[in-house]
Amino acid sequence: MAFRTSLRSSLFASALSLGLGFGCGTEEARVISSCPPGSRDTGYGCAYDQRVAVNSVGYLPDRVKRATVPVQVDSFQVRDAAGGIVYEAAAIGPTMDQDEQTLWVLDFTEVRQPGEYYVSVQGPTPYLDSVHFEIGEDVYDSLLHILMLGMTGQRCGSAVGFTWNGTRYSHPACHLDDASLELVEGAPGTRDGTGGWHDAGDYGKYTVNGAFASGMMLLAWEHFPERLVGRAFDLPEAGDEVPDYLDENRVNLDWLLKMQNADGSVVHKLTALDFPGFVSPVGDYAERYFSDWSSAGTADFVAVMAQAARVYEPVDPEFAAVCLAAARRSFDFLKDHPEEHSPVVLPFKQMQYVTSDPDDRAWGACELWETTGDEDALVECEVGIAGQHPATSWDWSGLGSLAVYTYVLSRRSDRDRRDPELVLERASEITSVADTMALVANENPWGLASRGNRYWGINGVYARMVLGLRAAYMLEPKPEYLDAATQQIDHLLGRNYSSRSQVTGIGYAPPAHPHHRPSAADGIDLPWPGLLIGGAWPDPWSWTDVVDDAKTGENAINWNAALIYAVAGFVR
Ligand code: 9MR
Ligand code: ZN
C-alpha cells in the first residue's frame, strides 16, 4: 500500500524527471508479452508517455475545444500538421481538480477550420506535444462505426467476423447449447436461449443490462433518426430492408424475447455457475443455466419491448407486434405481482445486476404508455414517476432517468392526459440537472460534468451524462448542453489522466489488454475494436491496462451503448 500512496503523490514528479510514463499501480509485477507501438513494458503494464491531453480523435468545428496539462503552461499553440502556428493563447490555470491535482486548461474553441492539428506548450517544465487530431464535421463518424463493431463483436450464438484496420476478428457461433432449465425446474431440460450479446468481457447474458443497453441505443434512434437511418455498419445483415443500426439491435431483442417465461415473468440471467477463464467463446464448455425470474428484469423487458414496438413499427410491423404483445404480457404479470422479486442466487456463485425495482417498473410503464396510450400504463407510469427523478450519474441500478425522459418528452398526440404539474416539475428537474452539469463541465479541468466519486464502470457513467444533457436540450436548446456533452466524449478519447483513448482500436494509445476474453484468447496482438473500458477507479491512476483487471479494464454493453448514444447525436 505504501508503494501505491507514494506512487500517486510523486507520479508527475517522477514522470517528468525520469521521462517515465504511467502504467504502474498493481502490487505484483507481470510480464506483458507485447506492448503496442509507442509504449514500454514497465513490468506492471504497458506505459505511455504523458502528453498534452486532447480528444485524440477530434473536435467538432462549432463545439468547445479544450486540452489539459498537469504542468505550468505560459502559452500554447495550436499547429497544423506541418507545425505552422494557427492559434496561440495563454493557458487557463492553475486549476485544482477533484483529485487535488493542479492543472492548466488550453482553450482553442476559436479554431474552427477543418484540418489536422496538434497542440504544443511552453512553460518552466518541458512537456510533450499532443498527438495529432482532426477538427471536422465528421470526426465522430469512425468512432460510431467502431463502437457498433464493438456491439457486433459481442454477438453470441452466431458466427461473428469483421475486418478493422486490416485485421480480421472472428469466432464461430458460440454457446449453442444455451441453456439448461435444471436450476429453475429442478429436473433436466433445456430451452432455447441462444443469441443476443455477451454482457461484457465475460460470456454471461443478463436481462437487466441487456434491456438497459438496447434501451439507450433505441433512444438514440428515436432522438437522432436522421443520423442513423442510412448508415452502414458492416453487419452480416447489410443490404437487407432494415437499417443496419436496427439490425444490430434486433440481435439482442430476439434474445430478450427468449427470456420471457410463459406466464409473462422474465428470467434474470443466463450464465454458467461462475465466470469462465480466459477461453474463446467456442472454447467455453461450462454448462449454462436459465436463472429464476426477477421483477426488475421483467420491468426492464416491458420497457425495451414497448420501445422496440414503436421503433420497429415502420420498418418491420410484424416484429413490432411481437414486441408489443410481449411487453403487454409482462406488464400484466407485474400488475399481478406488485411485490419485488429478487432472483434466487443458489447455486450460482453470484447473481449480477440484482436491483430494487421501482425505477424499472416506472420505466416499463412509461414506455408502454408512450407506445399504446393505455390508461392503466399511464396510471402506473405516473405513480412510478412520483418517486423518480432525473439524475446526473446513473447506471443499471437506477433507471428512473429513462422513465422521466420518456414521460416528459412524450411525443404522443394525447400527451395532455399527463398530470401537468408532474410534467412541469420533472421537466424543470431535467433542465436544472443539465444546467449544473454544464456549469461543472465548464469549470472542471478535465471537462467532466460530475464531481462525484469514481466507481466501477465510470467511463460509461460519463458517456451516459450525455443522455441527460440531450434531454434538457430537447426542452431548451442551450449550446452549453452540447458543449458539456462533447467534453464527456473528449474525456473518453484522451483528455484524461493517462492522455489515452478508452476505446479499443481508436484514438491515441487505446487499451491494449482489455479484460475481454475473446481478445485474450484469439492469439491476435490487438484487442477486438470498439470496446469502451470501464475506466480508472477509485483513483484516476488505477487503470494499468492489464488483462486480469476486470474492475477498470473490462468492457460492457451498457457502457458501449451509452457512448453510442452520446456519439450518435453528433455524427454527420
Ligand atoms: O457494471 C457492473 C458494476 O456496476 C458492478 O459494480 C460490478 C460488480 O458487481 O459489476 C459490473 O458488471 C459486470 C457484471 O456483473 C458481469 N459482467 C461484467 C460486468 C462489467 O464488469
Ligand atoms: Zn456466446
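Every number for a ligand or one of its atoms is a count from 1 in the order of the listing. All values reported here derive from a predicted model rather than from experimental measurement.
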Ligand-side contact atoms (ligand 1) for residue partner [X], heavy atom cut-off under 4.0 Å:
X: Asp199; value: 14 (C), 16 (C), 17 (N), 18 (C), 19 (C)
X: Asp202; value: 17 (N), 18 (C)
X: Glu554; value: 18 (C), 20 (C), 21 (O)

| task | Give a rough value, rounded to 10 degrees, for the angle at the Zn ion (ligand 2) between atoms SG of Cys156 and NE2 of His198. | result | 100°

| Any idea which part of Tyr203 is under 4.0 Å from ligand 1, heavy-atom wise: side chain, backbone, both or neither? | neither

| message | In this structure, does ligand 1 have an atom that sits under 4.0 Å from one of the heavy atoms of Tyr455? | response |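 For ligand 1, residue contact (heavy atoms, under 4.0 Å) with Tyr455 is absent.
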
| Derivation of the salt bridge (Lys or Arg N to Asp or Glu O under 4.0 Å) call for Lys205 and Asp178 | CA-CA 10 Å; Lys205 298 188 285 199; Asp178 282 353; 2.8 Å; yes

Parallel, tilted or perpendicular, judged at 30° and 60°: which one describes the rings of [X] and [Y]?
X: Tyr353; Y: Tyr206; value: perpendicular
X: Trp293; Y: His341; value: parallel
X: Tyr312; Y: Phe319; value: perpendicular
X: His171; Y: Trp528; value: tilted

| said: Does any N or O of ligand 1 fall below 3.5 Å from an N or O anywhere on Asn555, backbone included? | reply: no

| field | Polar proximity ligand 1 side, Tyr353 side, N/O cut 3.5 Å exclusive | value |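 Among all N and O atoms of Tyr353, at least one is under 3.5 Å from an N or O of ligand 1.
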
| query | Hey, does the Lys NZ or Arg CZ of Arg155 hover above the aromatic six-ring of Tyr169, less than 6.0 Å from the centre and inside 45° of the axis? | reply | no

| request: Decide, based on the SG atoms alone, whether Cys174 and Cys156 are under 2.5 Å apart. | output: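 Cysteines Cys174 and Cys156 do not qualify as a disulfide pair, their SG atoms being 2.5 Å or more apart.
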
Protein heavy-atom partner closest to [atom] - residue, atom, separation in Å:
atom: atom 2 (C) of ligand 1; answer: Trp396 NE1, 3.5 Å
atom: atom 15 (O) of ligand 1; answer: Gln352 CG, 3.1 Å
atom: atom 11 (C) of ligand 1; answer: Trp456 NE1, 3.9 Å

| query | Does atom 4 (O) of ligand 1 have any protein heavy atom closer than 4.0 Å? | reply |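 For atom 4 (O) of ligand 1 the answer is yes, since some protein heavy atom falls inside 4.0 Å.
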
| message | Any carboxylate oxygen within less than 4.0 angstrom of a Lys/Arg side-chain nitrogen, looking at Arg500 and Asp545? | response |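 A salt bridge links Arg500 with Asp545.
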
| If you look at His175, which of its N/O/S atoms is nearest to the Zn ion (ligand 2)? | ND1

| said: For Asp177, is the CG atom crowded, meaning more than 12 foreign heavy atoms sit under 6.0 Å from it? | reply: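 At most 12 heavy atoms, drawn from other residues, nucleotides or ligands, come within 6.0 Å of this atom.
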
